[in-house]
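As structure tokens, the structure follows; a few thoughts come after it.
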2 protein chains.
Amino acid sequence: MKRGNSSHDAETAELLRRVGLRLTGSRRYVLEALLQSGHPLSHQELLGRRDSLRFDRVTIYRALLALKRKGLVHDVKGTDGIRRFGAHPTDLPHCPGNHAHFLCRRCGRMFCLTESPLPWVEVPAGTTVEGKQMVVYGLCPQCARREND
Amino acid sequence: MKRGNSSHDAETAELLRRVGLRLTGSRRYVLEALLQSGHPLSHQELLGRRDSLRFDRVTIYRALLALKRKGLVHDVKGTDGIRRFGAHPTDLPHCPGNHAHFLCRRCGRMFCLTESPLPWVEVPAGTTVEGKQMVVYGLCPQCARREND
DNA sequence: TTCTACTTGCAATTGAGTTGCAAAAGCATT
DNA sequence: AATGCTTTTGCAACTCAATTGCAAGTAGAA
């Protein structure tokens, strides 16, 4: 399977192998893209990239689910209802995604606020907590500047 | 317009008037339901209630948007992608909804964790924060018990 | 009661995400 | 490098939350 000659190419292969996933083009592409990108990406954004190699929409979804299932990426459902997936080289291979995320309501980009770990939350007795996510929304610096013109 | 004879009937009318919304059946019904319910409700749940008076789906959506716009209710997009709306008598009329929410992945009910105010979050310089939400998910006490049978 | 702006109901549409299935590809083995 | 088994892919169809346009209906003020 043809693939890009990017800097993370060997790294993605190693990561996929380590978690027991077959090395397929879509998984390499998706993990590669998430590692390169400085911020979490939505399914739509992954499809839009020039180097997406025209993988089918469904294939991208399934690649994301596989990576998520193996813990290579974390995901957040934004206030806009769109799920975005992120991978951080420093977090891998046990990327917890245990931090807040910022979502710009104008450009739709999401950023990991890795400096803000999620707080402990008190829940009623008997409750089982499986996970948590926090989304901060508003305008990113660039969009905030444009909004004031 | 016919309406229920519930305990909050006068309260809803007063609240709607105070924020400058016309007193219509759907708004009374929705606000009433949210006040009575101990937890935030989705559009679907609002439609399903016996006393929903068969308002149109779209009407319920628009009533929710109007209440939200006027700050009478707060809303949260769950990890399941479904938006739920909550009103708390004690919060009104400036219900901030500034607390975490718990979402049960089994029964789909959402609860306000009013004891857990959202933490301050550090964002990059220039960022405009307009709001934030936190969703904790897992199993509620009842569902956790059933899952162990 | 009348007038007008706002609200409602209906039908159609959008868009994210999922499912079933036959063809194709990964990979361990020979 | 051929075999065979299992997983993955592509395609089409589908589900479901949420939105939009518009004509008919209604709340509230004059």
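Throughout, a chain's letter reflects where its sequence line sits, starting with A, and its residues are numbered from 1.
Judged purely by atom type and a 3.5 angstrom limit, A:Q36 has no side-chain atom pairing as donor or acceptor with the backbone of A:A33. Within the 3.5 Å criterion, the main-chain N or O of A:K77 finds a donor-acceptor partner in the side chain of A:Q133. Side chain of A:H43 to backbone of A:R57: a donor-acceptor contact under 3.5 angstrom is found.
Whole-Å rounding puts the A:L16 CG to C:dG26 C1' distance at 13 Å. Following rounding to the nearest Å, A:K70 (NZ) and D:dT7 (C1') show an atom-to-atom distance of 12 Å. In this structure, A:L65 atom CG and D:dT7 atom P are separated by 17 Å, rounded to whole Å. Put simply, CG on A:L64 is 10 Å from P on C:dT18, counting in whole angstrom units. The separation between B:Y61 atom OH and C:dT14 atom P is 17 Å, rounded to whole Å. B:R28 places its CZ atom 13 Å from the P atom of C:dT8, with the value rounded to the nearest Å. When rounded to the nearest whole Å, the span between CG of A:L47 and C1' of C:dG15 equals 13 Å. Atom CZ of B:F55 and atom P of D:dG25 are 17 Å apart (whole Å).
Two residues are said to be in side-chain contact when any heavy atoms from C-beta on lie closer than 4.5 Å; B:V135 and A:V135 fail this criterion. Using a 4.5 Å cut-off on side-chain heavy atoms (C-beta onward), B:L113 and A:E122 make no contact. Side chains of B:R84 and B:H101 form no contact here, defined as non-hydrogen atoms less than 4.5 Å apart.
When distances run from any side-chain atom of A:R62 to the nucleotides D:dC22, D:dA18, D:dT9, the shortest one goes to D:dT9.
Rounding to the nearest 0.5 Å places CG of B:L16 at 10.5 Å from CD of B:E11. For the atom pair CG (A:L41) and CD1 (A:I82), the distance works out to 12.5 Å, reported to the nearest 0.5 Å. With rounding to the nearest 0.5 angstrom, the CG atom of A:L15 is 11.0 Å from the CZ atom of A:R28. If you take NE2 on A:H99 and SG on A:C112, they are separated by 3.0 Å, rounding to the nearest 0.5 Å.
Below the 3.5 angstrom threshold, one finds no donor paired with an acceptor across the side chain of B:R83 and the base of D:dA18. Residue A:R57 places no side-chain atom within donor-acceptor reach of the base of D:dG10, judged by atom type and a 3.5 Å distance cut-off alone. The base of D:dG28 does not come close enough to the side chain of B:R17 for any donor and acceptor atom to sit less than 3.5 Å apart.
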Under 3.5 Å, N/O pairs linking protein and nucleotides 5-7 of chain C:
| residue | atom | partner | partner atom | Å |
| --- | --- | --- | --- | --- |
| C:dC6 | O4' | B:R22 | NH1 | 3.4 |
| C:dC6 | O4' | B:R22 | NH2 | 3.2 |
| C:dT7 | OP1 | B:R27 | NH1 | 2.7 |
| C:dT7 | OP1 | B:R27 | NH2 | 2.6 |
| C:dT7 | O5' | B:R27 | NH2 | 3.2 |

Write down the protein N/O and nucleotide N/O pairs, taken from nucleotides 28-30 of chain C, whose separation is under 3.5 Å; answer none if there are no such pairs.
none

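Each end of the helix from C:dT1-D:dA30 to C:dT30-D:dA1 gets its own axis from five base pairs, and the two axes differ in direction by 30°, given to 10 degrees.
In this structure, A:Q44 reaches the C:dA16 phosphate: one of its side-chain N or O atoms is under 4.0 Å from OP1 or OP2. At D:dA18, one or more side-chain N or O atoms of B:K77 fall inside 4.0 Å of OP1 or OP2 (strictly under the cut-off).
For the residue pair B:R106 / B:Q142, no side-chain donor-acceptor distance below 3.5 Å is found, with atom types taken as modelled.
Between A:F111 and A:F102, the ring planes are parallel. Angles under 30° get that label, and only those over 60° would be called perpendicular.
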